[in-house]
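Worth saying up front: this structure is predicted, and the values here are computed from it rather than measured. Just so we're on the same page: letters track the sequence lines, and every chain starts at 1. The figures here come from the full heavy-atom set of this structure, side chains too, leaving out hydrogens, waters and symmetry mates.
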Amino acid sequence: MSKGPQRIRGTQDIWGEEADRFQAVVAAFERIRRLYGFSRVETPVFEATAVFSRSIGETTDVVSKEMYTFEDRGGDSLTLRPEFTAGLCRAFISEGWQQLAPLKVATHGAVFRYERPQKGRYRQFHQLDAEILGSDSPLADVELLVLADQLLKDLGIAEGVTLQLNTLGDAETRDAWRAALVAHFESHRADLSEDSLARLDKNPLRILDSKDPRDRPAADSAPDIDAFLSHDARTFFDKVTAGLDAAGIAWERNARLVRGLDYYRHTAFEFVTDRLGAQGTVLAGGRYDGLVEALGGPHTPAVGWAAGIERLAMLAAAPAPAGIDAAIVPMGEAAESAAIGLVADLRRAGIACDMGYKGNMKKRMQRANASGARFAIILGDDELARGEAAVKNLVSGEQANVPLAGLAEAVRAR
RNA sequence: GCGAUCGUAGCUCAGUUGGUCAGAGCACCGGUUUGUGGUACCGGGGGUCGCGGGUUCAAGCCCCGUCGAUCGCCCCA
């Protein structure tokens with residue numbers, strides 16, 4: 001409540017244990033993406049606005065209301081990335097990555113959406129992202145899902161999280177299904193909520209997963225996509241589910257799972273938990289075979305997913321606090337001077353240690369204890385004269401004199 | 001963009017029907033004879049009660065506005 005500048009709505013200052021959890025999620029992702037042979041890529045935080053508006057659709061709410069768009073000094077319209085996929089597709093085109101296809105890439109970082117903040121939903125938030133560009137194989141879909149599954153298990157949050165899977169078919173299938181849905185909902189106009197009547201014009205698929213109980217009867221009785229699946233689309237979906245079964249991944253069909261944007265094809269999936277209120281989707285993605293082409297590139301089938309780091313961090317168990325190995329407690333100017341060298345040597349030897357900038361012994365010992373250090377290395381004139389330091393185990397309270405040369409070994413973490 | 005609830009020290013919160021109501025715990029800082037932390041004891045700093053109006057003799061407590069937070073809706077790339 002103090003005066004002075006305040007944090008911008010929907011942003012967060014992440015600190016302490018929360019920051020540790022955040023880092024733990026990123027570390028797990030980095031480790032696992034290597035296991036799957038995904039290359040790390042870095043792309044800009046902002047792009048030309050057209051990169052997003054052309055891929056998503058000029059008229060959607062997403063583009064018209066929910067992007068951070070601004071003009072730079074040259075008058076160009078720029079937008080802070082609201083997702084990774086479009087920027088990666090742009091890079092795929094402009095960097096000539098076509099020759100690397102199929103390209104398995106992973107990235108993570110901040111993304112920006114101008115939305116009302118609520119649980120697990122911020123204006124600047126952070127995502128993990130994994131994509132496979134340039135493959136039309138269902139094995140790519142499977143590999144991404146297995147990666148996602150391993151990540152969630154590694155983070156210890158697979159409990160209570162289910163993989164929901166659906167297919168949106170190919171273009172021909174999707175169009176046929178969409179027409180059937182519109183016909184179905186038109187005949188139930190009187191039963192639909194106001195929101196869904198609006199969806200009927202703009203985005204009829206979205207009626208299927210409406211939360212309004214008034215919509216459920218019509219939504220539940222609506223035709224599934226299955227009857228409209230072309231042979232190819234059916235075969236593709238079967239190969240995805242067979243691949244998941246072969247990899248031992250539990251999944252469930254959710255025929256009501258849809259995507260808001262038109263470029264999605266075939267596989268759509270979400271890992272969902274019931275532990276985050278209305279924001280229960282923890283990781284989501286799908287196949288977007290038309291996106292690269294929409295950006296002016298060659299026809300490039302692709303599939304990918306993104307996951308909110310904050311949401312994952314909220315669900316993950318708190319990592320063990322990372323205390324340092326040792327705190328150096330010098331007494332007197334001569335000792336402090338010698339300790340500067342000692343700290344440097346210990347750190348070069350890979351020992352995590354720290355020394356306060358000031359304070360008497362008592363104060364330094366208090367700080368050492370609070371820091372979670374396993375040892376205090378006490379260095380006074382007496383010890384210095386003998387070429388030793390007193391090493392105190394802060395857990396057991398035991399203390400022993402150790403030659404300076406043997407300090408690193410004495411406090412090395414197991 | 002819409003709705004509901006909420007907004008008191010760094011944190012978690014008390015503050016009765018408006019009249020010592022500016023408090024507690026934790027945290028922080030200092031001390032309990034200056035070479036030993038974690039437990040204990042003593043002391044201290046810190047809040048114009050989100051902000052701005054209004055009602056009243058009197059408002060943290062009532063009313064309006066505003067900003068922010070939380071939860072939900074819309075949207076969800």
Side-chain angles (χ1 to χ4, degrees), chain A residues 1-4 6-13 15-16 47 51-57 60-67 79-89 111-122 125 127 129 131 193-196 198-199 202-203 205-206 209-212 257-264 268 270 276-281 284-286 288 291 304-306 308 327 329-332 335 356 359-384 389-399:
Chain A
M1 307 310 129
S2 73
K3 299 187 264 284
Q6 297 295 304
R7 183 161 42 80
I8 299 297
R9 165 177 244 186
T11 63
Q12 16 173 18
D13 297 308
W15 178 87
E47 297 275 353
V51 168
F52 304 112
S53 61
R54 283 171 66 190
S55 63
I56 293 167
T60 59
D61 278 10
V62 165
V63 168
S64 57
K65 312 197 314 205
E66 293 169 17
M67 299 201 309
T79 294
L80 299 182
R81 65 184 175 204
E83 57 154 353
F84 282 102
T85 308
L88 287 168
C89 288
V111 291
F112 306 83
R113 298 181 184 178
Y114 193 85
E115 297 183 293
R116 199 65 165 252
Q118 56 194 68
K119 187 193 264 303
R121 189 171 193 176
Y122 306 93
F125 63 110
Q127 284 189 332
D129 188 277
E131 314 274 349
S193 65
E194 310 80 64
D195 283 334
S196 284
R199 291 184 181 112
K202 295 194 309 188
N203 200 353
L205 299 203
R206 276 288 174 193
D209 58 2
S210 169
K211 292 168 186 164
D212 194 315
L257 178 66
V258 294
R259 288 280 99 108
L261 304 179
D262 289 338
Y263 57 68
Y264 281 99
E270 294 184 3
L276 287 179
Q279 308 300 323
T281 298
Y288 49 95
L291 183 48
W305 57 250
V329 180
M331 289 178 298
N360 58 25
M361 183 186 197
K362 182 183 180 71
K363 184 54 60 186
R364 287 171 185 271
M365 286 300 289
Q366 286 176 345
R367 292 244 168 74
N369 190 62
S371 75
R374 297 182 303 121
F375 294 96
I377 297 177
I378 300 161
L379 200 61
D381 293 338
D382 297 351
E383 284 83 358
L384 263 184
V391 174
K392 180 164 189 172
N393 183 318
L394 291 175
V395 177
S396 67
E398 292 167 12
Q399 182 169 327

Write down the distance separating the P atoms in B/U56 and B/C63, rounded off to the nearest Å. 16 Å
In whole Å, what separates the C1' atom of B/G52 from that of B/U48?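 Going atom to atom, C1' in each nucleotide, I get 14 Å.
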A/Arg259 side chain to A/Gly285 main-chain N or O, any donor-acceptor pair under 3.5 Å?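 Looks like yes, one N/O pair under 3.5 Å.
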Hey, which of A/Glu66, A/Arg113, A/Glu47, A/Glu115 is the one that makes side-chain contact (heavy atoms from CB on, under 4.5 Å) with A/Pro82?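 Running side-chain contact (heavy atoms from CB on, under 4.5 Å) over A/Glu66, A/Arg113, A/Glu47, A/Glu115 with A/Pro82 returns exactly one hit, A/Arg113.
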Tell me which nucleotide among [options] gets nearest to the side chain of [X].
{"X": "A/Pro82", "options": "B/G37, B/A77, B/G35", "answer": "B/A77"}
{"X": "A/Gln366", "options": "B/G37, B/C76, B/A77", "answer": "B/G37"}
{"X": "A/Glu115", "options": "B/A69, B/U36, B/A77", "answer": "B/A77"}
{"X": "A/Gln118", "options": "B/G35, B/C71, B/G37", "answer": "B/C71"}
{"X": "A/Met361", "options": "B/G35, B/A77, B/C71", "answer": "B/G35"}
{"X": "A/Arg113", "options": "B/A77, B/G35, B/C73", "answer": "B/A77"}

For A/Asp212 and for A/Arg259, locate the closest nucleotide of RNA chain B by heavy-atom distance; then report the residue assigned to the nucleotide nearer the 5' terminus.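 The residue whose closest nucleotide sits nearer the 5' end is A/Asp212.
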Tell me, do [X] and [Y] make a side-chain contact under 4.5 Å, heavy atoms counted?
{"X": "A/Ile378", "Y": "A/Met361", "result": "yes"}
{"X": "A/Val63", "Y": "A/Phe52", "result": "no"}
{"X": "A/Leu394", "Y": "A/Met365", "result": "yes"}

What is the pairing partner of [N], taking Watson-Crick or G-U wobble pairs with both distances under 3.5 Å in any strand?
{"N": "B/G52", "answer": "B/C64"}
{"N": "B/U5", "answer": "B/A69"}
{"N": "B/C26", "answer": "B/G10"}
{"N": "B/U17", "answer": "none"}

Which part of the nucleic acid, if any, lies within contact of [X], taking any heavy atom under 4.0 Å across all strands shown: a base, the sugar-phosphate backbone alone, or nothing?
{"X": "A/Val395", "value": "base"}
{"X": "A/Asn360", "value": "nothing"}
{"X": "A/Tyr264", "value": "sugar-phosphate"}
{"X": "A/Lys363", "value": "sugar-phosphate"}

Give the rounded distance in Å between these two atoms: [atom1] of [X] and [atom2] of [N].
{"X": "A/Asn203", "N": "B/C75", "atom1": "CG", "atom2": "C1'", "result": "10 Å"}
{"X": "A/Asp195", "N": "B/G3", "atom1": "CG", "atom2": "P", "result": "14 Å"}
{"X": "A/Tyr122", "N": "B/G68", "atom1": "OH", "atom2": "P", "result": "17 Å"}
{"X": "A/Asp209", "N": "B/C76", "atom1": "CG", "atom2": "P", "result": "9 Å"}
{"X": "A/Gln12", "N": "B/G68", "atom1": "CD", "atom2": "C1'", "result": "16 Å"}
{"X": "A/Trp15", "N": "B/A27", "atom1": "CH2", "atom2": "P", "result": "13 Å"}
{"X": "A/Arg116", "N": "B/C2", "atom1": "CZ", "atom2": "P", "result": "7 Å"}

Polar pair under 3.5 Å, donor/acceptor by atom type, side chain [X], base [N]:
{"X": "A/Lys362", "N": "B/U36", "value": "no"}
{"X": "A/Gln399", "N": "B/G37", "value": "no"}
{"X": "A/Asn369", "N": "B/G37", "value": "yes"}
{"X": "A/Arg121", "N": "B/C75", "value": "yes"}
{"X": "A/Lys392", "N": "B/G37", "value": "yes"}

